There are 2 protein chains.
Amino acid sequence: MHTVQVDSDGLVACASVGLEPGSARWWIQRSDLDRRRRPRLGGLSTERIIGAALDVLREDGLDALTVRAVAERLGTSNASLYRHIASRDELIALIGDHVMGDIRIERTGRGWRADIEVLMSEMRRVILDQPLPDAAGRNMHGYGPNMLRFVNAAVTAFDSAGLSRAEAVYTTIAMIELVAGAATIQRSRSGRSPSGVPAGAGFDELLDRLPPDDVAALRETGDVYLSAPADAVFAHSMAIFLDGVTSRLPAGH
Amino acid sequence: MHTVQVDSDGLVACASVGLEPGSARWWIQRSDLDRRRRPRLGGLSTERIIGAALDVLREDGLDALTVRAVAERLGTSNASLYRHIASRDELIALIGDHVMGDIRIERTGRGWRADIEVLMSEMRRVILDQPLPDAAGRNMHGYGPNMLRFVNAAVTAFDSAGLSRAEAVYTTIAMIELVAGAATIQRSRSGRSPSGVPAGAGFDELLDRLPPDDVAALRETGDVYLSAPADAVFAHSMAIFLDGVTSRLPAGH
DNA sequence: ACCTGAACACCGTTCAAGT
DNA sequence: ACCTGAACACCGTTCAAGT
């Protein structure tokens, strides 16, 4: 898995020679390799592979996202993909950043708070739109070009709010943590069985089986926990976060 | 994968008849099945399986966490595990809640803010301690007994701060989103290649290759983004969140 | 440089047979 | 009720051979 792959023509093939997909050097290496390409007419490309992978993901879900399924959708052999991606992990890292590329970055003209609200909502939207596993994790590493563009926009907005550069960066990381966690948890909370049963069905019965002291407050508010609308929960999370940032602004902002 | 599994003695075997692992009904079903068990001397049990899985996870990492590896560690055949767990997904859901069971829940006596700080730090600690994939996702579903105990403790603390019950619940969800996102992202940020290279190595060179306008702010603060210590970032994220909650408290609190 | 069929070394899961 | 060896239907990845 981590051995070096040498081509018949003596060149190290496409990518990932011991480099972790998503890491800074890995992204550098990828841009190098992309430049050295000689695409054939109607041949494969990383973009076509990502596109097909997104199709598979959207139609058949995450479990169906296999190298073989992507190849079949492209009408080629699965072995062919390995000239453009070094592993399935690379494909997933590429998808992660590609998804971040859908984020619309634009200043609202209505101040930093509005700008950040748009950035947070956009990030949530694209994650929910294209559900990868572990959205908060290595797929959002932070070194892909689209992710860095997003980070830069957030730092700029917090900067304009009056935060120091260092605090703007820390605050940006906090923002990303919150949105990534919110989107991923929403997905699991709204999950259902294959038969269509919501994940929370039977919640009251479940509470009855647990030690009463462990869930005393939940017994009184179970329904709120169970059926809080995802959009309202996110709006509330975002409000807490933005209020917290506001309270830390230097006087005069 | 989702077909019903009937035992030779006519009973539906161990678990998951179309129920999503981690859902409320699935947890109910599991407690039913555990009660119907007749353990043999030196035989298997769900607890022993989880323990072995945690050993594998800690020693050899996530990729090594296969049903077969767990069985080998227990000195049995992999087929034997399927009497206690219905699938690998079930095993992972069980591990997720088991990990949450390590959280120490105790009131500090120093007010709601100190209580919440402890809860957040504890949740982060156990996630980082036992790195499952997708910590923010289905493994933290929210319906396992240990997770519910944790949720209840947080709701209670926010309640004592003066929030309404409904707002206490929303705020608890926001808290979990933040911690889950923070822990998962920290894991990816501190990742390294097999060769030991940090994920961020080569960051400046990477910035040089991107459109200057896309990363203007990062060029000036790249080092902060790159090497912000994880503990400091978390402390900052937590402070923003707690300040935000404070600012939303009704007057008099 | 790119593409491919065939093969390798795995997986999760099932099943019939045993205690 | 529990356990097991053997098998099934996959998977990611590699390799030699072709253009």
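All chains are named by letter (A, B, ...) in the order of the sequence lines, taking the proteins before the strands, and each is independently numbered beginning at 1. Because the structure is a prediction, the values reported are computed rather than measured. Computed over heavy atoms, backbone and side chain alike; hydrogens, waters and symmetry mates excluded.
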Would you give the length of the straight line joining atom CG of B:L148 to atom CG of A:D214, rounded to the nearest 0.5 angstrom? 9.5 Å
Nucleotide of D:dA6, D:dT13, D:dC2 approaching A:R88 most closely (side-chain heavy atoms): D:dT13
Would you indicate what A:T66 reaches in the nucleic acid, counting non-hydrogen atoms under 4.0 angstrom: base, sugar-phosphate, or nothing? sugar-phosphate
To the nearest Å, how far apart are B:D89 CG and C:dT13 C1'? 12 Å
Once the angle between the rings of B:Y143 and A:F203 is folded into 0 to 90°, is it parallel (under 30°), tilted (30 to 60°) or perpendicular (over 60°)? perpendicular
Take atom CD1 of B:I85 and atom P of D:dC2, then tell me their distance rounded to the nearest Å. 15 Å
Salt bridge between A:R219 and A:D208, side-chain N to carboxylate O under 4.0 Å? yes
Reckon A:R83 has a side-chain N or O less than 4.0 Å from the OP1 or OP2 of C:dT4? no
Spacing between A:L91 atom CG and D:dC11 atom P, to the nearest angstrom: 15 Å
B:V67 side-chain proximity, nearest of C:dA6, D:dG12, C:dG12: C:dG12
What is the distance, rounded to the nearest whole Å, between atom CG of B:D32 and atom C1' of D:dA1? 17 Å
What is the separation between atom OH on B:Y82 and atom P on C:dG12, rounded to the nearest whole Å? 6 Å
Considering all heavy atoms of both residues, which atom of B:A93 and which atom of B:G22 are nearest to each other, and what is their separation? CB-N, 4.2 Å
A correct dot-bracket answer for DNA chain D, with pairs being Watson-Crick or G-U at under 3.5 Å, [ ] for crossing pairs and | for inter-strand pairs, is ||.|||||...|||||.||
Could you please name the option among D:dC3, D:dT14, D:dT13 that lies closest to any side-chain atom of B:H84? D:dC3
A:I49 atom CD1 is separated from C:dC2 atom P, nearest whole Å, by 11 Å
Winner on side-chain proximity to A:S80, out of C:dC3, D:dC3, C:dT13, is C:dC3
Kindly point out which of D:dG5, C:dG12, C:dT4 is positioned nearest to the side chain of B:S77? D:dG5
Rounded at 0.5 Å granularity, tell me how far CH2 in B:W27 sits from CG in B:D32. 13.5 Å
Do the non-hydrogen side-chain atoms of A:S237 and B:I173 ever get within less than 4.5 Å of each other? no
Gap between atoms CZ and P, on B:R68 and D:dG5 respectively (whole Å): 12 Å
B:R104: partners by side chain to side chain donor-acceptor pair (under 3.5 Å), with sequence neighbours left out: B:E122
Quickly work out the A:N78 CG to C:dC8 C1' distance and round it to whole Å. 13 Å
